[in-house]
Q: 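Dropping a structure here in structure tokens format, bear with me for questions.
If you're wondering where the values come from, they're calculated on a predicted model, not measured in any experiment.
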Amino acid sequence: MRGSIPLFYMFSLSLFHIDPLIENTLILIMCMPVASNSSVYAFMYGEDATLASKAIFLTSVSCVVTIPIVFILHTL
């Protein structure tokens, strides 16, 4: 599911014919992992900080695969 969001934005941004640098920057931002301070906020507000830490780990590891795939598809 996570990998489909950058692909959706990639195809929707192509409809607007914007500058390629801006388009690539926006797509790259969509591919980035969850912010690491989310676990700090979860801990501060008494929520499940372990779950937030797991989400940070999974999204960081998946970025190694998803970012190159998205940009390979973008160059096609």
Q: For Phe71 and Asn24, which heavy atoms make the closest approach, and how far apart are they?
A: CZ-O, 3.5 Å
Q: In terms of hydrophobic clustering (I, L, V, M, F, W, Y; side-chain heavy atoms under 4.5 Å; direct or indirect links), are Leu51 and Ile56 co-clustered?
A: no
Q: Not counting sequence neighbours, which residues clear side-chain contact (heavy atoms from CB on, under 4.5 Å) with Ile72? List them please.
A: none
Q: Might you point out which heavy atoms bring Ser38 and Ala35 nearest each other, and give the distance in Å?
A: OG-O, 2.8 Å
Q: Rounded to the nearest 0.5 Å, what's the gap from CZ on Phe43 to OG1 on Thr50? Could you check?
A: 10.0 Å
Q: Starting from Val40, walk the hydrophobic network (Ile, Leu, Val, Met, Phe, Trp, Tyr; side-chain heavy atoms closer than 4.5 Å) and list everyone else you reach, by chain and number.
A: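 Direct or chained contacts put Val40 with Tyr41, Met44, Tyr45.
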Q: Decide whether Val65 and Val70 are clustered together by the hydrophobic rule: side chain heavy atoms of Ile, Leu, Val, Met, Phe, Trp, Tyr closer than 4.5 Å, transitively.
A: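 Yes, it is one cluster - the side chains of Val65 and Val70 are joined through contacts under 4.5 Å.
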Q: Can you list the steps and then say if Thr59 with Met32 is a side chain to side chain contact (heavy atoms under 4.5 Å, CB included)?
A: CA-CA 8 Å; Thr59 58; Met32 288 295 114; over 6 Å; no
Q: Once rounded to the nearest 0.5 Å, what's the spacing between atom CG of Leu26 and atom CG of Leu21?
A: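 It comes to 9.5 Å.
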Q: What is the minimum heavy-atom distance between Pro68 and Cys63, and which atoms define it?
A: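 Looking at all heavy atoms of both residues, the closest pair is CD-O, 3.8 Å.
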Q: Once side-chain contact (heavy atoms from CB on, under 4.5 Å) is applied, do any residues pair with Leu73, and if so which ones, sequence neighbours excluded?
A: Leu7, Met10, Ile69, Leu76
Q: Taking all atoms of both residues into account, what is the closest heavy-atom pair of Ala42 and Ala49, and its distance?
A: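 Heavy atoms only, the tightest pair is CB-CA, 3.9 Å.
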